[in-house]
Protein chains: 2
Amino acid sequence: MQKSEPKKKPPTIKEVAAHAGVSIMTASRAVNGKALVSAKARRAVDLAVKALGYVPNASARALAGSADRRVALLHSHSTTSAYLGELLLGAMSEAPQRHLHLVVEQCAPGAFAAEIVEQVAQAHVAGVILPPPLCDWAELVEGLRARDIAIVAIATDQDVPDMLSVSTDDRHAAYDLTRHLIELGHKRIGFIEGNPRHRSSARRLQGYKDALVHHALDLDEALIVPGDFSYRSGLDAAERLMALDERPTAIFACNDDMAAAAITVAHQRKVNVPAEISICGFDDTPLASAIWPALTTIRQPIRDMSREAIGLLAMRFRSQDEGADGVIGKVKLDYQLIRRQSDAVPARH
Amino acid sequence: MQKSEPKKKPPTIKEVAAHAGVSIMTASRAVNGKALVSAKARRAVDLAVKALGYVPNASARALAGSADRRVALLHSHSTTSAYLGELLLGAMSEAPQRHLHLVVEQCAPGAFAAEIVEQVAQAHVAGVILPPPLCDWAELVEGLRARDIAIVAIATDQDVPDMLSVSTDDRHAAYDLTRHLIELGHKRIGFIEGNPRHRSSARRLQGYKDALVHHALDLDEALIVPGDFSYRSGLDAAERLMALDERPTAIFACNDDMAAAAITVAHQRKVNVPAEISICGFDDTPLASAIWPALTTIRQPIRDMSREAIGLLAMRFRSQDEGADGVIGKVKLDYQLIRRQSDAVPARH
DNA sequence: TTGAAAGCGCTAACAC
DNA sequence: GTGTTAGCGCTTTCAA
């Protein structure tokens with residue numbers, strides 16, 4: 001309403017303290033939820049904070065307590081923006097609360113691991129979040145470790161000493177999805193593999209195989225065809241599957257893009273999805289719900305994963321500060337089977 | 001290599017000054033590229049910076065020169081993560097250089113404009129970046145303005161006083177794409193509209209119409225069908241278009257999702273794309289290159305747009321600080337016509 | 001052209 | 001429990 005005031009600086013802790021009638025230190029302690037503050041003082045400060053709309057100045061806080069550090073979300077050119085966006089959102093929401101400053105670094109395409117390590121080190125980063133496939137790049141991980149930079153890997157099953165990780169159980173998710181199809185009545189289920197460079201690919205295949213075996217179904221190698229996560233590769237893979245003498249009644253593609261490709265192939269061959277063939281994906285990317293029929297798929301809580309990653313880094317730093325070295329942490333988050341319209345009971349023949 | 005040292009604090013400007021044999025101030029000035037530093041001193045400092053691997057401490061810098069402010073990237077639930085991811089990447093890369101601190105705020109779904117304004121104000125944000133459709137929400141924009149919060153709208157043509165904006169020329173891009181089809185030989189071009197709440201939708205339609213008129217082609221209203229940017233709506237719209245007595249030889253969908261839907265419909269009807277019908281999209285989302293045939297579409301430089309947005313905010317703040325009020329800025333970025341496999345010369349009949 | 005001094009807002013140490 | 005004293009690393013005065 002009143003536009004006269006040229007600047008209204010945000011309130012400082014000093015003003016909060018004055019407003020609450022306590023010393024600056026008490027205000028600081030109260031704001032940070034530390035112990036050793038009387039209930040009365042705490043209440044007064046809380047009130048003052050509300051009244052003034054006080055928000056701590058992150059820079060000052062960072063500068064004063066040496067507790068703050070920079071952490072980087074490192075990504076390669078191959079990380080899709082949707083995936084990256086989710087990671088960013090999660091990390092950005094968590095970082096300030098953990099007193100961490102988040103920066104984003106992109107690996108130059110074709111760069112050597114050593115160069116990337118150098119770049120990260122130059123940026124005075126204390127920890128990095130490594131989404132796939134970076135987290136499976138041994139030289140990079142090793143280089144970072146040598147520099148004493150904390151690492152948290154997203155969605156890997158690698159067990160590197162000191163490396164933190166956040167993941168979902170890919171194998172188990174694939175197992176569940178396969179079991180879902182088996183319970184629907186499918187007996188011949190095609191599998192389209194992902195890029196062999198991503199270890200998740202192998203884990204998903206393992207889950208698929210386990211489910212088949214546990215349900216006493218044949219494990220026909222002809223039903224397992226290669227792919228590389230791209231739509232294009234899915235097209236070829238689906239063609240191979242559909243051309244089989246005994247066509248599968250369901251296809252489990254290692255990601256949504258390839259599942260979408262399989263649906264396209266089915267359309268072209270006038271095979272109705274899901275009435276004549278069920279097709280499932282993995283990842284629940286926007287594509288999964290964009291196409292028709294919408295894909296039954298597995299959702300991974302990407303945003304939560306990066307949130308957790310920040311949490312792990314914060315914990316690691318805290319334990320380092322306290323001298324307790326080498327606390328390891330691996331957290332597994334729950335996935336979700338999202339059932340949409342691309343799967344059904346197999347047609348009788 | 002040597003893991004013995006528990007902590008190696010980054011060098012400070014003090015050390016740089018000492019190394020260069022100058023005072024702290026001279027070092028500071030040199031590092032910041034200010035005038036009034038002798039060439040000799042500057043060289044010495046540069047050397048010291050290189051030698052020590054000095055990187056300015058952002059927190060200290062922000063704290064000292066009160067020049068830093070918080071800016072928020074506001075997004076609604078309807079912003080897709082891919083779009084948001086691109087926006088974030090651009091903004092995050094530019095913000096530190098402009099001495100701005102970026103935060104992300106999500107509008108609670110169904111919240112009133114006043115509530116959102118309140119939320120933003122509480123966060124002591126000096127400026128906001130408003131992607132569509134938020135930038136076209138009059139009450140929100142008005143509320144923010146009343147609070148004296150700088151606004152930069154992404155991809156809008158609204159001309160609100162004081163509001164900064166970064167956009168591409170939607171109308172012109174649509175014109176170009178339509179012209180492209182016309183030059184290929186198409187005379188009956190269907191158009192699938194976008195969500196009427198997004199003003200870009202109307203701008204694209206205008207470009208389509210203009211191109212038709214300028215090339216002396218009939219403007220058949222039956223060829224313009226409604227949609228809302230969703231794949232689902234694209235399915236319906238494409239059905240209507242394909243069911244027309246005189247079927248169009250090309251379809252221009254207002255975004256990629258709907259274009260993908262049109263391709264699916266064409267497949268179902270056994271109409272070959274692009275041999276029998278050309279289908280173009282808009283936005284160049286990942287979907288555009290994920291499907292087959294890959295879409296000919298328009299790419300907007302989203303990452304650059306948010307980078308520019310940050311730049312505009314920084315400029316606005318600077319001019320405010322200098323007392324020069326009301327500097328307006330609207331930047332237009334270039335779009336790109338991405339030609340892939342979904343368009344071709346029309347079949348003769 | 002350069003430098004010394006004085007903080008920016010906050011929190012670790014210590015006292016009380 | 002609370003308050004006091006020092007800084008964190010940097011940039012803004014202002015004086016030399």
Side-chain angles (χ1 to χ4, degrees), chain A residues 7-45 48-49 52-70 96 98-101 124 126 317-318 321-322, chain B residues 7-45 48-49 52-70 96-99 101 124 318 321-322:
Chain A
K7 272 177 219 185
K8 49 170 177 249
K9 292 209 162 194
T12 73
I13 199 166
K14 215 158 158 182
E15 297 166 53
V16 171
H19 190 105
V22 298
S23 79
I24 294 178
M25 259 334 286
T26 306
S28 168
R29 283 194 267 255
V31 167
N32 290 34
K34 301 248 176 150
L36 303 185
V37 183
S38 68
K40 195 176 116 195
R42 174 157 285 142
R43 223 172 306 119
V45 172
V49 167
L52 273 44
Y54 170 75
V55 178
N57 179 319
S59 301
R61 176 177 278 175
L63 190 53
S66 54
D68 97 308
R69 316 200 196 210
R70 293 160 66 89
R98 300 295 197 155
H99 296 207
L100 294 179
H101 185 71
H124 294 293
F317 294 145
R318 201 157 53 73
D321 292 342
E322 288 164 359
Chain B
K7 270 177 221 188
K8 47 169 175 242
K9 291 210 165 199
T12 74
I13 199 166
K14 214 159 158 180
E15 298 165 54
V16 172
H19 190 106
V22 298
S23 78
I24 294 179
M25 266 328 295
T26 305
S28 168
R29 282 194 268 256
V31 167
N32 291 32
K34 300 247 178 153
L36 302 184
V37 183
S38 67
K40 194 177 118 193
R42 175 157 286 144
R43 223 172 306 118
V45 172
V49 167
L52 272 46
Y54 170 74
V55 176
N57 178 320
S59 300
R61 176 175 280 179
L63 190 54
S66 54
D68 94 312
R69 321 204 192 207
R70 293 160 65 90
Q97 304 178 34
R98 302 294 195 153
H99 296 207
H101 185 69
H124 293 292
R318 201 158 52 75
D321 291 344
E322 287 165 359

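In what follows, chains are A, B, ... by sequence order, proteins preceding strands, each numbered from 1.
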Atom-pair distance (NE2 on H101(A); P on dC8(D)), nearest Å
21 Å
Any side-chain N or O of T12(A) under 4.0 Å from OP1/OP2 of dG9(C)?
no
Solution key, residues 10-17 of chain A side-chain donor-acceptor pairs under 3.5 Å, sequence neighbours excluded:
| from | atom 1 | to | atom 2 | distance (Å) |
| --- | --- | --- | --- | --- |
| T12(A) | OG1 | K14(A) | N | 3.1 |
| E15(A) | OE2 | T12(A) | N | 3.3 |

Rounding to an integer number of Å, can you tell me how far M25(A) CE sits from dT2(D) P?
12 Å
E15(A) CD - dC10(C) P separation (whole Å)
9 Å
For S59(A) versus N57(A), what's the shortest heavy-atom pair and its separation?
N-OD1, 2.8 Å
Once you round it to whole Å, what is the distance between P of dA12(C) and CG of L63(A)?
12 Å
Expressed as a whole number of angstroms, how long is the span from K14(B):NZ to dT11(D):P?
14 Å
Nearest-0.5 Å distance, CZ of residue R69(B) to NE2 of residue H99(B)
12.5 Å
Mind calculating the distance between CD1 (I13(B)) and C1' (dT2(C)) to the nearest angstrom?
14 Å
Which of the following nucleotides, dT11(D), dT4(D), dG9(C), is nearest to the side chain of N57(A)?
dG9(C)
Return the residues of residues 28-43 of chain A meeting this criterion: a heavy atom under 4.0 Å from some atom of DNA chain C. Order them by number, or give none.
S28(A), N32(A), K34(A)
Going by the rule side-chain hydrogen bond (donor to acceptor under 3.5 Å, both in side chains), which residues pair with T26(B) if we only count those two or more places apart in sequence or in a different chain?
S23(B)
Is the shortest side-chain heavy-atom distance between R61(B) and N32(B) below 4.5 Å?
yes
R61(A) vs dT11(C): side-chain N/O to OP1/OP2 distance below 4.0 Å:
yes
Starting from P on dT5(D), measure out to CD1 on I24(A) and report it in whole angstrom.
12 Å
Please walk me through it: do R98(A) and R318(A) pass side chain to side chain contact (heavy atoms under 4.5 Å, CB included)?
CA-CA 10 Å; R98(A) 300 295 197 155; R318(A) 201 157 53 73; over 6 Å; no
